[in-house]
Amino acid sequence: MDGGSCPRAKFKLYEQLELQEFQDKFVIKSVEAPYQGFSIDRRDGTIEPLNGDSSSSSARPTKTSTIYGVAGTIRLLAGNYVLVITSRTEVGAFLGFPVYRVTSMKFLSCNEVLKNSTLQEKKDEAYFMALLKTVQSTPGLYFSYQTDITLNFQRRHKLMEGWMAKPIWKQADPRFVWNRNLLDELIEYKLDGFIIPILQGSFQAAQLKLKGSPATLTIFSRRCTRRLGTRMWRRGANLEGDVANFIETEQLVECEGFRSSLLQIRGSIPLLWEQIVDLSYKPQLKVIDHEQTSNVVERHFFDLFQRYGEIIAVDLTDKHGDEGQLSMAFSAEAQNLPNVRYISFDFHHVCGNSNFENLKLLYEQISEQFEKQGYLLIDAKGSILEEQKGIVRSNCIDCLDRTNVTQSYLAQKSLDAQLQRIGVLDSSECISMFAEDYQKFRALWAEQGDEISLEYAGTYALKGDLVRYGKQTFGGILKDGMSALSRYYLNNFHDGIRQDAMDLISGRYTVRRDGSPFQTDSFSYLPVASALLIGGLTLTSVTLQQAGRNAQQFMSSVLWAGVTAGIAAVVKANGRQFCSRPRLCRLV
């Protein structure tokens, strides 16, 4: 392809918008093109494009503010709610185009008709609105005004030039558009210049020196929305073969006119299985016996093969206990699939908590095929020198901690090969020989792992020290302990609400008007259990922060962790099953 290493973007979104608030409506206009915009009726949320006259209203707005995008709209029981981006931060560039992270959002309420609703409708709407507040604080959201960022480099390079002339939302891969279900009304009214496809995941970038050859290293993770959810509330696959916590991670290197890219993917074990929260520290894993199981696994891997080519499926789970049973079931289904090579590698047994280098034993098993799969390499003229012809799919149980350590190891091996191929490093050199650059590489992968973990589990990743330093540190052990306890609390008492919020905006649950959309469970002991658990975690946190000072304080932290778990066990022993959310009416 002439003129560069990929098609240049031709469609651009409006970057800065003015929000005008009137008594009866909201008006959103482009600052750079004031005649472009639309109004939203505050009574019922009806959208109306502006007629071209920026001063059509004689009334003055009660308030005017700057916003940076419209993420979409959602209709509830008694109105329409418009999600707008109120602040952003530029975090780097993807193939030369600025990328922004959403730092704050808010919903504009267009629900004046709520005053005429029944008492039950008002209660239900209040719960929905509480879920929308949860949505406003969603972490890890990224977007660009100038290009689509949901497509990986190899895929977008193969697109025809005309593809980039389309509105950005039409270019996007719907798997990775976090707000896809919120865009319908904006699409209906053809407001293309305002429709921002937002991606959830992680974007990390750093500048490397590399022996005097400046390079940009970017790690870009894209979270799939097909089975969006939180750690314990979304496990395994659905009948269509979509899996929880599916993430495509791209490591992109730009150096001396060359651009190279390595793709890896992660995702929950593609079986029908669950792990229902029950106040135990580690709820039992349960494989669901279903007649469609084999078809589910086949659908999952067929979709991956169509998109990425041949697959190395690396299963990092334990080979004993509940994990072992799940791993055996996965192995039985995957062994006979075409275009899939299944590798079982018990990370905990082989690497323990600190032997990061033992991953070389895994690499020895897959190195020949991994190196054959290769990576994408494009020169300064835009010519493809190499293509990636396959992909590694890694999983543990959460697809967070063990998976991130493993992916960073494989990414380092590929980065060495890419830099040697470009000529920046000699055949005997590797990135680990350059301390400053190597530390940046490790930090990017550690921060990426933390961000992905926050989105799924609500805490930082465990085993982050293995990625950041190549070994476990005492501070890292304490941090992992706190994260594990925090995950316990969040999974049992908070993630259900986050799950409802995700399901609401993704369209998994429908808002019904024929009666209450909720089936409520008993909440009588929940505030007490939550208060006791939070108290225990707070005391644990305080003592853990001081634990490095002396052994007595460290033992105190362990004691309070035990008290916390004990409280939960006592509550559970009373026979109460707690749910942190009402159950919405599921859209089947």
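Being a predicted model, the structure only gives us computed values, none of them experimental. Side chains included, hydrogens not; waters and symmetry mates left out as well; all remaining heavy atoms used.
- The CD1 atom of I195 lies 10.0 Å from the CG atom of N179; values are rounded to the nearest 0.5 Å.
- Taking each heavy atom of F22 and A59 in turn, the nearest pair found is CE2-O, 3.3 Å.
- Y100 pairs by the ring pair (Phe, Tyr, Trp, His ring centres under 6.0 Å) definition with F143, Y145, not counting sequence neighbours.
- Side-chain contact between E188 and D184: absent, with no pair of heavy atoms (C-beta onward) separated by less than 4.5 Å.
- Residue R180 holds its CZ atom at 12.5 Å from CZ of R226, rounded to the nearest 0.5 Å.
- Partners of L454 under the side chain to side chain contact (heavy atoms under 4.5 Å, CB included) rule, at least two apart in sequence or in another chain, are Y460.
- With sequence neighbours excluded, no residue satisfies side-chain hydrogen bond (donor to acceptor under 3.5 Å, both in side chains) with Q388.
- Under the 4.0 Å criterion applied to side-chain N and carboxylate O atoms, E254 and R259 are assigned as salt-bridge partners.
- For S87, the side chain to side chain contact (heavy atoms under 4.5 Å, CB included) partners two or more places apart in sequence, or in a different chain, are T103, S104.
- S144 contributes a side-chain N or O that, together with a main-chain N or O of P98, makes up a donor-acceptor pair within less than 3.5 Å.
- A search for ring pair (Phe, Tyr, Trp, His ring centres under 6.0 Å) contacts involving F107 returns nothing, not counting sequence neighbours.
- Sparse packing is recorded around CD of Q23, with 12 or fewer heavy atoms of other residues, nucleotides or ligands lying under 6.0 Å away.
- Side-chain contact between I312 and R393 is absent, with no heavy atoms from C-beta onward closer than 4.5 Å.
- Under the 6.0 Å distance and 45° angle rule, R42 counts as a cation-pi partner of F26.
- Residues W178 and R223 have side chains not in contact (no heavy-atom distance under 4.5 Å, counting atoms from C-beta outward).
- The closest donor-acceptor contact from the side chain of R266 to the backbone of F246 lies at 3.5 Å or more, if one exists at all.
- Side-chain contact between L95 and L252 is present, with at least one heavy-atom pair separated by less than 4.5 Å.
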Determine all donor-acceptor pairs shorter than 3.5 Å in which one atom belongs to a side chain in residues 67-84; sequence neighbours excluded.
from, atom 1, to, atom 2, distance (Å)
T73, OG1, E185, OE2, 2.9
R75, NH1, D44, O, 2.9
R75, NH2, G45, O, 3.3
R75, NH2, E185, OE1, 3.3
N80, ND2, G45, O, 3.1
N80, ND2, E185, OE2, 3.0
Y81, OH, N111, ND2, 2.8
Y81, OH, E125, OE2, 2.7

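- Looking only at distances, a side-chain donor or acceptor of Q407 sits under 3.5 Å from a matching main-chain atom of I265.
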Audit row: S221, Q448, side-chain hydrogen bond (donor to acceptor under 3.5 Å, both in side chains) steps and yes/no: CA-CA 8 Å; S221 288; Q448 183 262 174; 2.6 Å; yes
Candidate pair E387 and I384, rule side chain to side chain contact (heavy atoms under 4.5 Å, CB included), full reasoning: CA-CA 7 Å; E387 286 188 65; I384 297 178; 3.5 Å; yes
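- In this structure, the separation between CG on L376 and NZ on K158 is 8.5 Å, given to the nearest 0.5 Å.
- Residues passing the ring pair (Phe, Tyr, Trp, His ring centres under 6.0 Å) test with F176: none are found, sequence neighbours excluded.
- Taking the ring pair (Phe, Tyr, Trp, His ring centres under 6.0 Å) definition, one finds that F203 meets it with F220, sequence neighbours left out.
- When atom types are taken as modelled, the side chain of S453 and the backbone of L400 share no donor-acceptor pair closer than 3.5 angstrom.
- Residues meeting the side chain to side chain contact (heavy atoms under 4.5 Å, CB included) test with R155, sequence neighbours left out: L151, N152, D173, R175, R307.
- Residue-environment remark: CZ (F302) stays at or below the threshold of 12 foreign heavy atoms within 6.0 Å.
- Residues that satisfy the side-chain hydrogen bond (donor to acceptor under 3.5 Å, both in side chains) test with E429, not counting sequence neighbours, are K211.
- Minimum interatomic distance between Q136 and M105 (heavy atoms only, all atoms of both residues): O-CE, 3.6 Å.
- Rounding to the nearest 0.5 Å gives a distance of 7.5 Å between OG of S30 and CD of Q36.
- With contacts defined as side-chain heavy-atom distances shorter than 4.5 Å, the pair F38/Y189 does not qualify.
- Using a cutoff of 4.0 Å between basic side-chain nitrogens and carboxylate oxygens, E240 and R227 are not scored as salt-bridged.
- A salt bridge links E15 to K12: one of the charged nitrogens lies within less than 4.0 Å of a carboxylate oxygen.
- A search for side-chain hydrogen bond (donor to acceptor under 3.5 Å, both in side chains) contacts involving R299 returns Q292, not counting sequence neighbours.
- K389 NZ: more than 12 foreign heavy atoms inside a 6.0 Å radius.
- Annotation: side-chain hydrogen bond (donor to acceptor under 3.5 Å, both in side chains) contacts of Q418 (sequence neighbours excluded): S260, S414.
- Side-chain contact between L262 and E250: absent, with no pair of heavy atoms (C-beta onward) separated by less than 4.5 Å.
- Here the CZ atom belonging to R88 is positioned 15.5 Å from the CG atom belonging to L141, to the nearest 0.5 angstrom.
- In this structure, L191 and I47 have side chains that are in contact, with non-hydrogen atoms separated by less than 4.5 Å.
- Contact of the Q200 side chain with the I198 side chain is not registered, since no non-hydrogen atoms from C-beta on lie closer than 4.5 Å.
- Distance check, rounded to the nearest 0.5 Å: CG of N181 to CG of L504 gives 9.0 Å.
- Between the N339 side chain and the F305 main chain, no donor and acceptor come within less than 3.5 Å of each other.
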Step-by-step side-chain hydrogen bond (donor to acceptor under 3.5 Å, both in side chains) determination, Q420 to D416: CA-CA 6 Å; Q420 291 169 6; D416 289 340; 5.7 Å; no
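- Listed here is the closest heavy atom pair of E451 and R101: OE2-CD, 4.3 Å.
- Taking every heavy atom of both residues into account, Y456 and A244 meet most closely at OH-CB, 4.0 Å.
- With hydrogens and angles ignored, the 3.5 Å screen pairs no side-chain donor or acceptor of E21 with any backbone N or O of K63.
- The backbone N or O of T150 lies less than 3.5 Å from a partner atom in the side chain of D148, making a donor-acceptor pair.
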Residues Q264, E248; criterion side-chain hydrogen bond (donor to acceptor under 3.5 Å, both in side chains); working and verdict: CA-CA 6 Å; Q264 297 186 72; E248 175 191 273; over 6 Å; no
Verdict with reasoning, Y438 to Q412, per side-chain hydrogen bond (donor to acceptor under 3.5 Å, both in side chains): CA-CA 9 Å; Y438 188 37; Q412 180 180 334; 3.0 Å; yes
